[in-house]
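In what follows, a single structure is set out as structure tokens and then discussed.
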Amino acid sequence: MMDEAITSEIKRLKSERNAVILAHNYQRAEVQAIADFTGDSLELARKATQVEADVIVFCGVYFMAETAAILNPSKTVLIPDASAGCPMADMITGEQLRALKAQHPGALAVCYVNSTAEVKAECDMCVTSGNAEKVMASLPRDREIIFVPDRHLASHIAEKRGETYVLWPGYCPTHQRLTAKAIDEARAAHPGAPVLVHPECPKEVRDAADECLSTGGMCAYARSSSAKEIIVGTEVGILYRLRTENPDKVFWPVDEMTLCPNMKKTTLENLRDALRDMSPKVVVDPEIAAKAKRAIDAMLAVS
Ligand code: 13P
Ligand code: SF4
């Protein structure tokens, strides 16, 4: 009843403000349900470039809303809870990256999209978990490459491409908690079910899985797979979308405590308040935004 009242208020405010709601696949079920578009980081970045509405309400973590603002400087981008950060993105600062670049003169700098605008502004190329392999294949092989901040995604792509990158010790605390033992236990409980994990998982977890995919990749896999049961090693918010889109299939989390607290900060209440108050707004320094946009545009041009 309560949800119904808030939902209709959000719908009314959305049309009054000429707004669209974009939500990441890890958002709360009720937030995904009211969103106009749900996707992974790459799909959301692409969608942000196509928005015609005046206002984007971004339900995800800060770097995602910041990416939408960088790609679409003429739009107002709102984030329902501005404290929804990504701890991994905060594991490297612009200053630390500048120091690393100084130690590797001539190297190309690549950042995972899970990074601050200041870090992106220092980079030649951005990648997401959905396109990293393809984007890295577009870079010259004779240049040294710095890849920040996620050491797990970087090692995963380096292994797949037979390359070596200069790494940074960043990681996702949510995916870090997954273990190969938990995967073995899930396999024993659900024999024959394929195991999907996210590339932010540690190597022993990636090695124990059948597929290592972005959240969008997991949704696509689930749609096309003939498997009736699938084991999923990532943030459990994705289960809502997987189950909604595939009612004939059963999805098992590797570990149901795989939660990103920041992804859960968006609620229907603060989403409604953001639309009502037109705040908090995501504002990026224009000079940093212009430099960061070059790295994101370079990525979108090849993937
Ligand atoms: P995706 O781009 O795969 O959705 O990943 C985003 C993220 O933050 C994963 O932790
Ligand atoms: Fe960041 Fe990990 Fe949360 Fe994704 S799941 S937003 S990488 S902390």
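The first residue of the sequence shown is numbered 1, and numbering continues consecutively from there. Ligands are counted one by one from 1 in listed order, and the atoms in each one are counted from 1 as well.
Put simply, the side chain of Lys281 never gets that close to the backbone of Thr76: no donor and acceptor are under 3.5 Å apart. Side-chain atoms of Thr258 do not come within 3.5 Å of backbone N or O of Val254 as any donor-acceptor pair. Panel note: side chain Glu133, backbone Lys160; no donor-acceptor pair is recorded below 3.5 Å. Listed for the Asp81 side chain is no donor-acceptor partner under 3.5 Å among the backbone atoms of Thr266.
The shell of residues lying under 4.0 angstrom from ligand 2, judged by heavy atoms, includes Asn114. No heavy atom of Glu235 sits closer than 4.0 Å to any atom of ligand 2.
Within the listing of ligand 1, atoms 1 (P), 2 (O), 4 (O) sit less than 4.0 angstrom from a heavy atom of Asp40. Those atoms of ligand 1 that come under 4.0 Å of a heavy atom in Asn114, given as number and element, are 7 (C), 8 (O). Set against the non-hydrogen atoms of Glu200, the atoms of ligand 2 under 4.0 Å away are 2 (Fe), 7 (S). Each of the following atoms of ligand 1 lies closer than 4.0 Å to a heavy atom of His198: 1 (P), 3 (O), 5 (O), 9 (C). In summary, the atoms of ligand 1 found under 4.0 Å from a heavy atom of Ser214, numbered by their order in the structure, are 3 (O). In the vicinity of Glu200, heavy-atom distances shorter than 4.0 Å reach the ligand 1 atoms 7 (C), 8 (O), 9 (C), 10 (O).
Across the listed options Ser129, Cys86, Gly216, Ser129 owns the non-hydrogen atom lying nearest to atom 1 (P) of ligand 1.
Counted within 6.0 Å of CD on Glu159, heavy atoms from surrounding residues, nucleotides or ligands total more than 12; the atom is thus considered enclosed.
In this structure, the protein non-hydrogen atom closest to atom 2 (O) of ligand 1 is Ser41 OG, 2.8 Å. At the top of the distance list for atom 8 (S) of ligand 2, counting protein heavy atoms only, stands Pro87 CD, 3.4 Å. Looking at atom 1 (Fe) of ligand 2, its nearest protein heavy atom turns out to be Cys86 SG, 2.4 Å.
By the 4.0 Å N-to-carboxylate-O rule, Asp255 lies close enough to Arg177 to be salt-bridged with it.
Neither side chain, Lys203 nor Ser155, offers a donor N or O lying under 3.5 Å from an acceptor on the other. Judged purely by distance below 3.5 Å, without hydrogens or angles, the side chains of Thr174 and Tyr26 never pair a donor atom with an acceptor atom.
Contacts between Glu235 and ligand 1, counted as non-hydrogen atom pairs separated by less than 4.0 Å, are absent for every part of the residue. Contacts between Thr215 and ligand 1 below 4.0 angstrom, taking non-hydrogen atoms only, involve backbone and side chain alike.
Both Val57 and Ile34 belong to a single network of hydrophobic side chains, linked directly or stepwise wherever heavy atoms of I, L, V, M, F, W or Y lie under 4.5 Å apart.
Among the backbone and side-chain atoms of Cys172, none of the N, O or S atoms lies under 2.8 Å from atom 3 (Fe) of ligand 2.
Not a single N or O atom of Asn25, backbone or side chain, sits closer than 3.5 Å to an N or O atom of ligand 1.
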